[in-house]
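Here's the structure, in structure tokens; my notes come after.
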Amino acid sequence: MAWIYCDNGFMADRRYLKKMTRYWAAEETKANATLDRVRESEWFDYWHTHLDWKGRGNRHVSDRTTVAAGLLRLLKRAVSSEREDVQCWVMLAQDTGQSALYLHSPNPQGTPWPHPFDGVTWDIELPGWLEPLLSSDGLQAGRWGSGESQRLLVRVRP
């Protein structure tokens with residue numbers, strides 16, 4: 001069996017990495033198609049989409065990083081629409097199946113806009129696996145919650 005070291009120091013089978021690279025590319029393509037369909041909507045009430053519906057990113061650190069990188073690319077596409085009435089952010093959860101891209105705008109449902117991000121501590125020290133993904137992209141990271149329910153949030157720096 002051919003084992004190789006990943007950037008994060010973990011060993012993974014070459015076949016596994018090749019298979020997962022194809023899998024993540026297909027999932028990101030699906031997420032991009034979903035984003036294209038909804039981006040022109042008139043309003044959003046915490047609309048969100050997941051990249052990792054099946055929770056496969058929990059298997060290996062390299063997969064967790066891939067999920068985060070894919071969601072951040074989706075975030076960049078979402079903000080490229082330049083609609084000032086739409087907030088966009090990514091939530092990264094311990095369970096990658098819960099990580100998602102969010103869109104929120106003024107809406108007839110009456111949910112608060114702009115989203116207040118109550119309880120989020122911004123400009124945090126980044127975990128080592130996330131730091132390379134956020135370097136100099138004008139993105140701001142924050143932490144919300146505690147313990148098992150802690151989440152990382154990433155948005156375009158206001």
Side-chain angles (χ1 to χ4, degrees), residues 16-124 126-127 129-146 148-158:
Y16 174 81
L17 292 175
K18 191 174 183 179
K19 174 180 134 188
M20 292 310 291
T21 298
R22 285 191 309 267
Y23 174 78
W24 293 124
E27 292 303 302
E28 191 168 345
T29 298
K30 289 181 206 174
N32 275 310
T34 300
L35 182 60
D36 287 342
R37 282 192 305 273
V38 303
R39 221 168 30 167
E40 299 307 318
S41 296
E42 290 183 33
W43 55 269
F44 303 97
D45 185 11
Y46 295 108
W47 178 90
H48 63 282
T49 189
H50 303 270
L51 185 63
D52 187 17
W53 290 97
K54 298 178 182 177
R56 290 186 176 171
N58 297 323
R59 294 180 180 175
H60 196 272
V61 176
S62 65
D63 292 321
R64 177 175 302 286
T65 303
T66 301
V67 170
L71 286 169
L72 292 173
R73 284 189 293 274
L74 286 172
L75 174 64
K76 289 176 189 173
R77 284 196 65 230
V79 299
S80 72
S81 69
E82 298 179 5
R83 283 183 53 182
E84 293 184 18
D85 67 333
V86 178
Q87 287 178 292
C88 308
W89 70 90
V90 165
M91 180 191 67
L92 300 172
Q94 184 68 25
D95 174 359
T96 59
Q98 298 298 314
S99 295
L101 166 71
Y102 282 81
L103 303 180
H104 188 59
S105 71
N107 61 78
Q109 308 293 346
T111 53
W113 192 89
H115 176 65
F117 294 105
D118 290 337
V120 177
T121 303
W122 294 105
D123 297 319
I124 59 167
L126 298 172
W129 61 270
L130 185 58
E131 192 169 2
L133 300 176
L134 294 181
S135 61
S136 70
D137 275 342
L139 299 176
Q140 183 181 34
R143 182 172 285 113
W144 176 71
S146 61
E148 299 265 330
S149 64
Q150 184 173 308
R151 307 280 194 262
L152 296 174
L153 279 78
V154 179
R155 66 180 181 182
V156 173
R157 187 172 293 282

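It should be emphasised that the depicted structure is a prediction, and the values quoted were computed from it without experimental measurement.
- Here the closest non-hydrogen pair linking Gly70 and Leu51 is CA-CD2, 3.8 Å.
- Here the options are Glu27, Arg73, Arg77, the test is side chain to side chain donor-acceptor pair (under 3.5 Å), and the partner is Asn32; only Arg77 passes.
- Between Glu42 and Pro108 the shortest side-chain heavy-atom distance does not fall below 4.5 Å.
- Between the side chain of His50 and the backbone N or O of Gly55 there is no donor-acceptor pair closer than 3.5 Å.
- Within 6.0 Å of CD on Gln94 lie no more than 12 heavy atoms contributed by other residues, nucleotides or ligands.
- With contacts defined as side-chain heavy-atom distances shorter than 4.5 Å, the pair Thr96/Asp63 does not qualify.
- The closest side-chain donor-acceptor pair between Thr34 and Arg37 falls under 3.5 angstrom.
- The pair Arg157-Asp123 counts as a salt bridge, with a side-chain nitrogen and a carboxylate oxygen less than 4.0 angstrom apart.
- For the atom pair Leu101 CG and Trp47 CH2, the distance stands at 6.0 Å (nearest 0.5 Å).
- Ring-plane geometry between Trp89 and His115 is classed as parallel, the angle between the planes falling under 30 degrees on a 0 to 90 degree scale with a further cut at 60.
- The ring pair (Phe, Tyr, Trp, His ring centres under 6.0 Å) check on Tyr23 picks up nothing, with sequence neighbours excluded.
- Relative to the ring axis of Phe117, Arg155 places its NZ or CZ within 45° and under 6.0 Å from the centre.
- Listed by chain and residue number, nothing satisfies the salt bridge (Lys or Arg N to Asp or Glu O under 4.0 Å) test with Lys54 (two or more places apart in sequence, or in another chain).
- For the pair Leu139/Leu75, a side-chain contact is recorded, criterion being any heavy-atom separation below 4.5 Å from C-beta on.
- If you take OG1 on Thr66 and CZ on Arg56, they are separated by 13.5 Å, rounding to the nearest 0.5 Å.
- The aromatic rings of Tyr102 and His48 lie parallel to each other, with less than 30° between the two planes, well short of the 60° mark.
- Taking both residues in full, the closest heavy atoms of Trp43 and Ser105 are given as CA-OG, 3.2 Å, listed atom of the first, atom of the second, then distance.
- Trp122 is listed as a side-chain neighbour of Leu153, based on a closest heavy-atom distance under 4.5 Å.
- You'll find the side chain of Ser99 stays beyond 4.5 Å of the side chain of Asp52, heavy atoms only.
- Counting non-hydrogen atoms of neighbouring residues, nucleotides and ligands closer than 6.0 angstrom, the CD atom of Gln109 exceeds 12 such neighbours.
- Note that OG of Ser149 and CD of Gln98 are 12.0 Å apart. Values are rounded to the nearest 0.5 Å.
- Using a 4.5 Å heavy-atom cutoff, the side chains of Arg151 and Leu92 are not in contact.
- Nearest heavy-atom pair across Arg64 and Ala93 is NH1-O, 3.6 Å.
- The shortest non-hydrogen separation linking Leu17 to Ser62 is CD2-OG, 4.0 Å.
- No more than 12 heavy-atom neighbours from other residues, nucleotides or ligands sit within 6.0 angstrom of CH2 on Trp144.
- By the 4.5 Å heavy-atom criterion applied to side chains, Leu152 and Ile124 are counted as neighbours.
- Within the model, atoms OG1 of Thr29 and CH2 of Trp24 stand 13.0 Å from one another, a figure rounded to the nearest 0.5 Å.
- Between Leu72 and Leu134 there is a side-chain heavy-atom pair separated by less than 4.5 Å.
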message = As a quick check of understanding, evaluate side chain to side chain contact (heavy atoms under 4.5 Å, CB included) for Ser80 and Arg39, giving each step before the final call.
response = CA-CA 10 Å; Ser80 72; Arg39 221 168 30 167; 3.5 Å; yes
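- Across every non-hydrogen atom of Leu35 and Ala78, the tightest pair is CD2-N, 4.1 Å.
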